[in-house]
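See below for the structure under consideration.
For this chain, numbers begin at 1 and follow the sequence in order. Both backbone and side-chain heavy atoms feed into the values below; hydrogens, waters and symmetry mates do not.
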Amino acid sequence: MITTDFVPGSPCWLDLGAPDVEAATAFYRAVFGWQAEPHGGQGAGGDTGGYTLFRLDGKVVGAVGPLTEAGARSAWTLYFHTPDADASVQAVERAGGSVRVPPAGAGAEDGRFAQLTDPQGADFAVWEPARYPGVEDADGPGTLVWTELYTTDPAAAQTFYKSVFGWSTQDMPLPGGGGTYTLLTPAGCSEERMHGGLMGVPADLLGPGGKPYWHPVFGCRDCDATVGLATGNGGTLSMGPETAEGVGRLAVCTDPSGAEFVVLTPEGEG
């Protein structure tokens, strides 16, 4: 589960880079009931203009900002907690990853972030908190409940993230001989703190350029109804809805600007 009691290597923040912030806020408001609130200073994504917080029942659950990198496509970025952004960047470089945005301050002493890319090409980020720890709600409807990496080389990805974050991993076979899914847990934590998974996906199934990527999984009370809200407001359905034994009912969606996310009604809920 993802909690707001952040430990090193655990997901702690996420934001969406969008070509049209107003349109993005309208879409996610319709799908998850999020409220949008302009951030008072510099956001974790490094942009001072248009960075907007998403709130659910008053609690911050993520953010959206304009695309700032040349050639960037609309996508969600997942941030992992670190006590030292500089040390994490050094670990990324030693392990063969690259730095897109070096460690920098965010807001009025909110914390520090760095934007990074793993050796296979998946983008992610780290967040070193000061007065702002991260999201204020998680592991429920309309909030982040899981993180997932689609990669062309799962063995190499495991080696990289273990080196950077010390994550422990556990492999499990996918139903019907569909390969292996690797579960991810922060270093030194029990399986209750498991926060995500990774799986191998051929490059030709990864979309434009065959580039590996992380995507968020958001909880919902009714997967099929949430998919209906997404498609009814300009999004598209990539997979599902389908029921995964031991997991729940899920679907892969894409927002109107092309950013992918998953919706999940956990087993026993809904």
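Side-chain contact of Thr117 with Asp123: a donor-acceptor pair under 3.5 Å is present, judged by distance alone. No donor-acceptor contact under 3.5 angstrom links the side chains of Tyr28 and Gln35, judged on distance only. For the 3.5 Å distance criterion, the side chains of Ser88 and Thr82 qualify, holding a donor opposite an acceptor. Between Thr169 and Gln158, the side chains place a donor N or O and an acceptor N or O closer than 3.5 Å (distance only, hydrogens not considered). Of the N and O atoms on the side chains of Tyr181 and Asp171, not one donor lies less than 3.5 Å from an acceptor on the other residue. Between the side chains of Arg193 and Thr3, a donor-acceptor pair is found at a separation under 3.5 Å.
Side-chain contact between Pro241 and Cys223 is present, with at least one heavy-atom pair separated by less than 4.5 Å. In this structure, the side chains of Glu260 and Val252 come closer than 4.5 Å at one or more pairs of heavy atoms. For the pair Thr143 and Val135, the minimum side-chain heavy-atom distance is 4.5 Å or more. At a threshold of 4.5 Å between non-hydrogen side-chain atoms, the residues Thr152 and Leu206 count as touching. Looking at Tyr51 and Asp15, their side chains come closer than 4.5 Å, going by heavy atoms from C-beta outward. Residues Pro212 and Tyr150 form no side-chain contact, since every pair of their non-hydrogen atoms from C-beta on lies 4.5 Å or further apart. Between Val61 and Phe54, some side-chain heavy-atom pair lies under the 4.5 Å cut-off.
Residues Met194 and Phe165 fall into different hydrophobic clusters, defined by Ile, Leu, Val, Met, Phe, Trp and Tyr side chains chained together at heavy-atom separations under 4.5 Å. Using a 4.5 Å cut-off between side-chain heavy atoms of Ile, Leu, Val, Met, Phe, Trp and Tyr, with links allowed through other members, Leu144 and Phe6 fall into the same hydrophobic cluster. Residues Val31 and Val217 do not share a hydrophobic cluster, defined by chaining ILVMFWY side chains whose heavy atoms lie under 4.5 Å apart. No single ILVMFWY cluster, assembled from side-chain heavy atoms under 4.5 Å apart, contains both Tyr132 and Val7. Taking hydrophobic clusters as Ile, Leu, Val, Met, Phe, Trp and Tyr residues chained together by side-chain heavy-atom distances below 4.5 Å, Met199 shares a cluster with Met172.
Across Leu229 and Ala30, no two heavy atoms sit closer than the pair CD1-O, 3.8 Å. Looking at every heavy atom in both residues, Leu16 comes nearest to Ser74 through CD1-OG, 4.0 Å. Pairing each heavy atom of Asp110 with each of Trp127, the nearest pair is O-CZ2, 3.6 Å. Across all non-hydrogen atoms, the minimal contact from Gly9 to Phe80 is O-CD2, 3.6 Å. Smallest separation of non-hydrogen atoms from Val263 and Cys253: CG2-SG, 4.3 Å. When all heavy atoms of Thr254 and Ser238 are compared, the closest pair comes out as OG1-OG, 3.3 Å.
Counting only distance, with no hydrogens or angles, the side chain of Trp34 and the backbone of Gly142 share a donor-acceptor pair below 3.5 Å. In this structure, the side chain of Thr231 engages the main chain of Val227 through a donor-acceptor pair within 3.5 Å. Put simply, the side chain of Thr147 gets close to the backbone of His195: a donor and an acceptor are under 3.5 Å apart. Glu267 places a side-chain N or O within donor-acceptor distance of the main-chain N or O of Gly246, the cut-off being under 3.5 Å. When atom types are taken as modelled, the side chain of Ser163 and the backbone of Thr159 share no donor-acceptor pair closer than 3.5 angstrom.
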Query - Audit row: Thr243, Arg249, side chain to side chain donor-acceptor pair (under 3.5 Å) steps and yes/no - result: CA-CA 4 Å; Thr243 300; Arg249 190 157 177 82; 3.0 Å; yes

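In this structure, Arg73 satisfies the cation-pi test against Tyr213, with its NZ or CZ atom closer than 6.0 Å to the six-membered ring centre and inside 45 degrees of the ring normal.
Remark: Glu22 CD is loosely packed, at most 12 non-hydrogen atoms of other residues, nucleotides or ligands lying under 6.0 Å away. Within a 6.0 Å radius of CG in Asp224, other residues, nucleotides and ligands contribute more than 12 heavy atoms.
With ring centers used as reference points, Phe218 lies under 6.0 Å from Trp76. Ring centers of Trp214 and Tyr161: under 6.0 Å apart, within the cut-off. Between His81 and Trp13, a ring centre-to-centre spacing not shorter than 6.0 Å is recorded. Note: Phe113 and Tyr79 fail the aromatic proximity criterion, with ring centroids not under 6.0 Å apart.
Aromatic ring orientation, Phe32 versus Phe261: perpendicular (interplanar angle above 60°, classes split at 30° and 60°).
In this structure, CD on Gln120 lies 5.0 Å from CG on Asp153, to the nearest 0.5 angstrom. Annotation: the span from Leu149 atom CG to Leu184 atom CG amounts to 8.0 Å, rounded to 0.5 Å. Here the SG-CD1 distance, from Cys12 to Ile2, works out to 10.5 Å after rounding to the nearest 0.5 Å. Note: Thr236 OG1 to Asp255 CG = 8.5 Å, rounded to the nearest 0.5 Å. Taken to the nearest 0.5 Å, the CG atom of Leu116 stands 8.5 Å off from the CD atom of Glu93. Of the inter-residue distances, the one linking Asp139 atom CG with Met1 atom CE reads 4.0 Å to the nearest 0.5 angstrom.
Using a 4.0 Å cut-off between a side-chain N of Lys or Arg and a carboxylate O of Asp or Glu, Arg55 and Glu136 qualify as a salt bridge. Between Glu128 and Arg112, at least one side-chain nitrogen of the basic residue sits less than 4.0 Å from a carboxylate oxygen of the acidic one, meeting the salt-bridge criterion.
None of Thr77, Val145, Val262, Leu78 except one satisfies the side-chain contact (heavy atoms from CB on, under 4.5 Å) rule with Pro216; the exception is Leu78. Here the options are Asp20, Leu14, Val21, the test is side-chain contact (heavy atoms from CB on, under 4.5 Å), and the partner is Val64; only Val21 passes.
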